[in-house]
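A, B, ... follow the sequence lines: proteins, then strands. Residue 1 opens every chain.
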Number of protein chains: 2
Amino acid sequence: MQMSPMVTAPRPYVPTATMRTPAPEAIRLIGVTVHLSRDQEVFGEGEPADQVFKVVRGAVRCFRVLSDGRRQICDFYLPGDVFGIEPGQDRRTTAEALTDTVLVAARRSTVVEDEDSGTARRLWALAMADLQRSQDHALTLGRRSANERVASFLVDMAARLGDVDNLELPMTRQDIADYLGLTIETVSRTLTHLQVSGLIKLAGCRSIHLRKPRALAELCA
Amino acid sequence: MQMSPMVTAPRPYVPTATMRTPAPEAIRLIGVTVHLSRDQEVFGEGEPADQVFKVVRGAVRCFRVLSDGRRQICDFYLPGDVFGIEPGQDRRTTAEALTDTVLVAARRSTVVEDEDSGTARRLWALAMADLQRSQDHALTLGRRSANERVASFLVDMAARLGDVDNLELPMTRQDIADYLGLTIETVSRTLTHLQVSGLIKLAGCRSIHLRKPRALAELCA
DNA sequence: CGTCCGTTTGATACATTTCAATAACGGTGG
DNA sequence: CCACCGTTATTGAAATGTATCAAACGGACG
C-alpha cells in the first residue's frame with residue numbers, strides 16, 4: 001500500500017494534440033500531455049472526475065483500499081488504454097503510475113458531449129470494456145485458484161501487450177498480488193512453480209517468457 | 001449449478017407499456033411483460049443481446065461459469081433494477097430467475113438510439129451503476145474475509161431492498177455462495193456465527209432480521 | 001563495496017474447503 | 001391434516017490451499 005506523492009499538475013485543456021492507433025477501438029484524445037514518475041498519483045478517490053486519460057507510455061494502476069489498508073487493484077492500464085471514466089461525479093478509485101509514465105489528459109466534457117463525432121459512442125465502448133474486464137476479474141477473484149489466477153494474469157497481459165511471448169511487466173509482485181487477491185509470497189511461489197513446470201521462464205523479475213502459452217491458457221480453466 | 005429450462009419466449013416489441021418509479025434513476029421501459037418461474041433462463045451466454053430487461057417482481061441472477069462448472073454470480077437484480085445491458089453484441093453472462101419473476105423486456109435499440117429523450121443518458125447511468133457494483137464486488141472477492149463478505153452482502157441487500165431490517169432473500173445459500181466466492185457451508189456457518197454473535201436473527205432460511213445493522217456495516221471493513 | 005528494496009524461499013498457522021452425516025423445510029398425495 | 005419425499009440447509013471432522021512470520025537472496029545504485 002504505497003502512498004502517493006504529488007502529481008505533475010495536469011492543467012486542463014491546453015490544446016496539445018496527441019494520438020495513437022493501436023486498436024480499431026482507439027480513441028483520439030485532445031488534451032495536455034502529462035509526465036509522471038513511479039508511484040505518482042494521477043487522481044485520488046473522492047476527487048471530482050473531470051478528466052479522462054490515455055496512456056502513451058508506461059502503465060497505471062487503479063485501486064481501492066479498505067479501511068485497514070488492504071488494497072484491491074481494479075485494473076492496470078497499458079499504452080493505448082483509456083482510463084478515468086467514472087460512474088458518477090467523483091473518483092471511486094485512486095490511479096497511480098506503475099513506472100515512469102506519459103499520459104494525455106482530456107476534459108471529460110470534451111469527450112462526452114461531443115455526440116455527433118462518434119466519440120461518445122467510443123466512450124461507451126471504452127466504459128463497457130471496463131465493465132467486461134471487471135466482470136472477468138470478479139470471476140477470477142471469486143472462483144479461480146492461485147495457479148489459475150496467475151496463469152490467467154499472464155495470458156491476459158500477453159494479449160494486451162500485443163500477443164507476445166516475452167512479457168516485460170511494468171508492475172511489481174505486490175501489484176500483481178493486489179490485482180489477483182493474493183499475497184506477494186503466493187504470487188512468487190506460483191511463478192516459480194510455473195517455471196519448474198516448464199510453462200514459463202523467469203528472466204529477472206520483470207521479464208517473463210511464456211514457453212507454453214497454450215498450456216498456460218488451458219490452466220486458466 | 002442448476003441447468004435452465006425454457007423461457008416463456010419474450011416476443012419482442014408488442015407494445016405493452018409498463019413502468020415503476022422506485023428511484024430517481026428509474027428508467028421507463030416500453031416492452032413486453034414476461035413471466036418466468038424459478039430457475040428459468042432469461043438469456044444465455046453467447047446469445048445475441050438485443051433486449052434489456054427490468055425486474056417488476058421477483059429477482060434475477062446473472063452469472064458466468066468456468067469450464068469445470070464453477071459458477072460466479074456477477075450480480076442479483078431486484079424489483080426496479082434494469083439488467084441485460086452488454087458490452088458487445090453477445091451475452092457474456094447467463095441470466096436466470098431466482099424465484100417466480102415478472103420482467104419487462106424492451107428492445108435494446110429502442111433504448112439506445114433514443115438519444116434526445118434522455119434515455120440514452122439514463123442507460124449510461126445504468127451501465128455505469130453495473131460497473132460500479134462490479135468493482136465493489138471485485139474488492140469484496142479479492143480482499144474480504146468470509147465474515148466480511150457475508151456482512152457486506154446483508155448490508156447491501158438491506159439497502160437495495162429498501163433499507164429495511166427484515167430481509168426476505170429471494171436466493172438460496174448456493175446463490176449467495178456463488179455470489180460471494182465461497183462454499184454453501186461457509187455461508188451457512190458464517191450466518192449462524194453472526195446469529196450467535198447477536199448481529200442477526202435467522203427466521204427460516206430466506207428470512208433474516210438485522211439486529212445490529214450498524215455493527216454489521218462496521219464488520220465490512 | 002555496501003546498502004536498500006524487492007523478491008524468493010522456508011516453516012508454521014489458519015481460514016476455508018471438502019467430505020460426510022444429520023436436520024429442517026416445502027411441496028405432494030393420500 | 002398428516003405422512004412422505006426430495007431438496008436445501010446446517011453441523012461436524014478432517015484435509016488443504018493460502019496467509020503469515022521470518023530469514024536469506026539478488027540486483028540496482030550510490
Side-chain angles (χ1 to χ4, degrees), chain A residues 1-3 37-39 61 66 68-72 98-100 140-151 153 168-196 200-208 219 221, chain B residues 1-3 5 37-39 61 66 68-72 98-100 140-151 153 167-196 200-208 219 221:
Chain A
M1 190 185 43
Q2 44 277 71
M3 282 299 90
S37 50
R38 191 169 186 275
D39 292 337
R61 61 175 167 254
L66 293 175
D68 64 353
R70 279 172 287 175
R71 184 179 73 163
Q72 179 63 49
L98 289 170
T99 63
D100 291 355
T140 296
L141 294 174
R143 285 303 178 207
R144 284 201 244 249
S145 70
N147 259 300
E148 294 165 345
R149 291 183 204 195
V150 172
F153 170 74
E168 283 299 324
L169 298 177
M171 69 285 287
T172 66
R173 295 286 185 270
Q174 186 63 63
D175 289 322
I176 298 174
D178 286 350
Y179 178 71
L180 296 178
L182 301 169
T183 61
I184 183 175
E185 294 96 330
T186 299
V187 171
S188 183
R189 269 187 258 271
T190 304
L191 284 171
T192 59
H193 176 248
L194 288 175
Q195 179 170 230
V196 170
I200 64 173
K201 176 89 181 70
L202 300 169
C205 53
R206 297 298 183 98
S207 180
I208 301 180
L219 227 178
Chain B
M1 192 185 41
Q2 45 276 71
M3 281 299 88
S37 49
R38 192 168 185 275
D39 291 338
R61 61 175 166 253
L66 293 175
D68 64 353
R70 280 172 288 176
R71 182 178 74 162
Q72 178 63 49
L98 289 170
T99 63
D100 291 356
T140 295
L141 295 173
R143 285 303 180 208
R144 284 202 243 248
S145 70
N147 259 299
E148 294 165 345
R149 290 184 205 195
V150 172
F153 171 74
L167 296 182
E168 282 301 322
L169 297 178
M171 69 285 288
T172 66
R173 295 286 185 268
Q174 186 63 62
D175 289 322
I176 298 173
D178 286 350
Y179 177 71
L180 295 178
L182 301 169
T183 61
I184 182 175
E185 294 95 331
T186 299
V187 171
S188 184
R189 269 187 258 270
T190 303
L191 284 171
T192 59
H193 177 247
L194 287 175
Q195 179 170 229
V196 170
I200 64 172
K201 176 88 182 69
L202 300 169
C205 53
R206 297 299 183 99
S207 179
I208 301 180
L219 227 178

Write down the distance between [atom1] ([X]) and [atom2] ([N]), rounded to a whole number of angstrom.
{"X": "A:L202", "N": "D:dG27", "atom1": "CG", "atom2": "P", "result": "13 Å"}
{"X": "A:L191", "N": "C:dT8", "atom1": "CG", "atom2": "P", "result": "7 Å"}
{"X": "A:R206", "N": "C:dC5", "atom1": "CZ", "atom2": "C1'", "result": "11 Å"}
{"X": "B:L180", "N": "C:dA15", "atom1": "CG", "atom2": "P", "result": "18 Å"}
{"X": "B:I184", "N": "D:dT11", "atom1": "CD1", "atom2": "C1'", "result": "13 Å"}
{"X": "A:I176", "N": "D:dT18", "atom1": "CD1", "atom2": "C1'", "result": "17 Å"}
{"X": "A:R173", "N": "D:dC25", "atom1": "CZ", "atom2": "P", "result": "19 Å"}

Can you check whether A:I200 reaches A:H193 side chain to side chain, under 4.5 Å on heavy atoms?
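No. Closest side-chain heavy atoms not under 4.5 Å.
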So do the side chains of B:R143 and A:D178 get within less than 4.5 Å of each other, counting heavy atoms only?
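The answer is yes, as the side chains (C-beta and beyond) meet within the 4.5 Å cut-off.
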Using a cut-off of strictly less than 4.0 Å, decide whether B:S188 has a side-chain nitrogen or oxygen near OP1 or OP2 of D:dT11.
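No, because none of the side-chain N or O atoms of B:S188 sits under 4.0 Å from OP1 or OP2 of D:dT11.
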OP1 or OP2 of C:dG27 versus the side-chain N and O atoms of B:R38: is any pair under 4.0 Å?
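Looking at the OP1 and OP2 atoms of C:dG27, neither is under 4.0 Å from any side-chain N or O of B:R38.
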Assign a letter to each nucleotide of nucleotides 16-21 of chain C from its 5' end: B, base within under 4.0 Å of a protein heavy atom; S, sugar-phosphate only; -, no contact.
SBBB--
